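Please read the structure below before turning to the comments.
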Amino acid sequence: QVQLVESGGDLVQPGGSLRLSCATSGFTLDVYAVGWFRQAPGKEREGVSCISSSGSTFYTDPVKGRFTTYRDNAKNTVYLQMNSLKPEDTAVYYCGTPSIATCTRQYNYWGQGTQVTVSS
């Protein structure tokens, strides 16, 4: 069964850093893409980044240059390194997979989410 579990969310000051982890099971990272999304209260869920099964990475404009996604294939874990955090980064962060190799808009498996709070 495909499962994803996020961890690493915390309270951090503006300008600080966090690393989120997405532990996966039921597939290997050279088969499925894994993306990161976030949702703040009262706002729509928005895409953050994605890493394809071939290792190609993509980022949306609000986080480009500050966030990096990478993976440890042996651990079946995808990471999101977040630097230079801003208050507007505050959200619940989710990882998901479209259960295909490429990064798309259709994700059918999700983790439970982890809270990131950037407090000024």
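Every value quoted in this text rests on a predicted model; they were computed, and no experiment measured them.
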message: For a quick test of reading the model, state the closest non-hydrogen atom pair linking Thr60 to Gly47 and the distance between them.
response: OG1-O, 3.0 Å
query: So, Thr114 side chain and Gly9 main chain: donor-acceptor pair closer than 3.5 Å or not?
result: yes
message: Under 4.5 Å between side-chain heavy atoms, counting indirect links through other Ile/Leu/Val/Met/Phe/Trp/Tyr residues: same cluster for Val48 and Tyr59 or not?
response: yes
- prompt: What is the minimum heavy-atom distance between Ser120 and Pro14, and which atoms define it?
  reply: CA-CG, 3.7 Å
task: Could you tell me which non-hydrogen atom of Leu11 sits nearest to which non-hydrogen atom of Ser119, and how far apart they are?
output: CD1-CB, 3.7 Å
- prompt: So do Tyr79 and Leu20 actually touch side chain to side chain, heavy atoms under 4.5 Å?
  reply: no
message: With a sphere of 6.0 Å drawn around CD of Gln13, does it hold more than 12 non-hydrogen atoms of other residues, nucleotides or ligands?
response: no
- prompt: Quick one: do Asp89 and Lys86 make a salt bridge, cutoff under 4.0 Å?
  reply: no
field: Contact summary for Asp72 and Leu29, nearest pair of heavy atoms
entry: O-CD1, 4.1 Å
- prompt: With no hydrogens and no angle check, is any side-chain donor or acceptor of Arg71 less than 3.5 Å from a backbone partner on Asn76?
  reply: no
- request: Using a 4.5 Å cut-off on heavy atoms from C-beta on, say whether the side chain of Thr24 contacts that of Gln3.
  value: no
Check: Trp36 and Val78 side chains under 4.5 Å, non-hydrogen atoms: yes
field: Side chain proximity check, Thr28 to Asn73, heavy atoms < 4.5 angstrom
entry: no
message: For a 4.5 angstrom cut-off between non-hydrogen side-chain atoms, does Thr77 reach Tyr70?
response: no
message: Quick one, Val118 with Glu88, criterion side chain to side chain contact (heavy atoms under 4.5 Å, CB included). Give me CA distance, side-chain angles, the key distance, then yes/no.
response: CA-CA 8 Å; Val118 185; Glu88 53 262 45; over 6 Å; no
- request: For Thr69 and Ile51, indicate whether the former's side chain and the latter's backbone hold a donor-acceptor pair under 3.5 Å.
  value: no
Sidechain-backbone polar pair: Gln39 side chain, Glu44 backbone, donor-acceptor under 3.5 Å: no
task: Report yes or no: is the cationic atom of Arg38 (NZ for Lys, CZ for Arg) under 6.0 Å from the centre of the six-membered ring of Tyr94, at an angle within 45° of the ring normal?
output: no
message: Taking CD in Gln112 as the centre, count heavy atoms belonging to other residues, nucleotides or ligands within less than 6.0 Å. Is the count above 12?
response: yes
message: Any non-hydrogen side-chain atom of Tyr93 less than 4.5 Å from a side-chain atom of Met82?
response: yes
query: Judged by atom type as modelled, is there a donor-acceptor pair below 3.5 Å linking the side chain of Ser84 to the main-chain atoms of Gly15?
result: no
- prompt: Less than 4.5 Å apart, any side-chain heavy atom of Ile100 and any of Thr102?
  reply: yes
- request: Test Ser52 against Ser54 for side chain to side chain donor-acceptor pair (under 3.5 Å), laying out the working first.
  value: CA-CA 5 Å; Ser52 75; Ser54 67; 2.9 Å; yes
- prompt: Looking at SG of Cys22 and CG of Leu4, how far apart are the two atoms once the value is rounded to the nearest 0.5 Å?
  reply: 4.5 Å
Centroid-centroid distance, Tyr107 to Phe37, less than 6.0 Å: yes
field: Polar side-chain atom of Glu6 near backbone of Gly113 as donor-acceptor pair, under 3.5 Å
entry: yes
field: Spacing of Phe67 atom CZ and Leu80 atom CG [to the nearest 0.5 Å]
entry: 6.0 Å
query: Are the side chains of Val2 and Thr97 in touch, meaning some heavy atoms are under 4.5 Å apart?
result: yes
query: Can you check side chain to side chain donor-acceptor pair (under 3.5 Å) on Ser17 and Asn83, steps first, answer last?
result: CA-CA 4 Å; Ser17 297; Asn83 299 325; 2.9 Å; yes
message: Between Asn108 and Ser99, does the side chain to side chain donor-acceptor pair (under 3.5 Å) criterion hold? Intermediate values first, please.
response: CA-CA 7 Å; Asn108 47 16; Ser99 62; 3.0 Å; yes
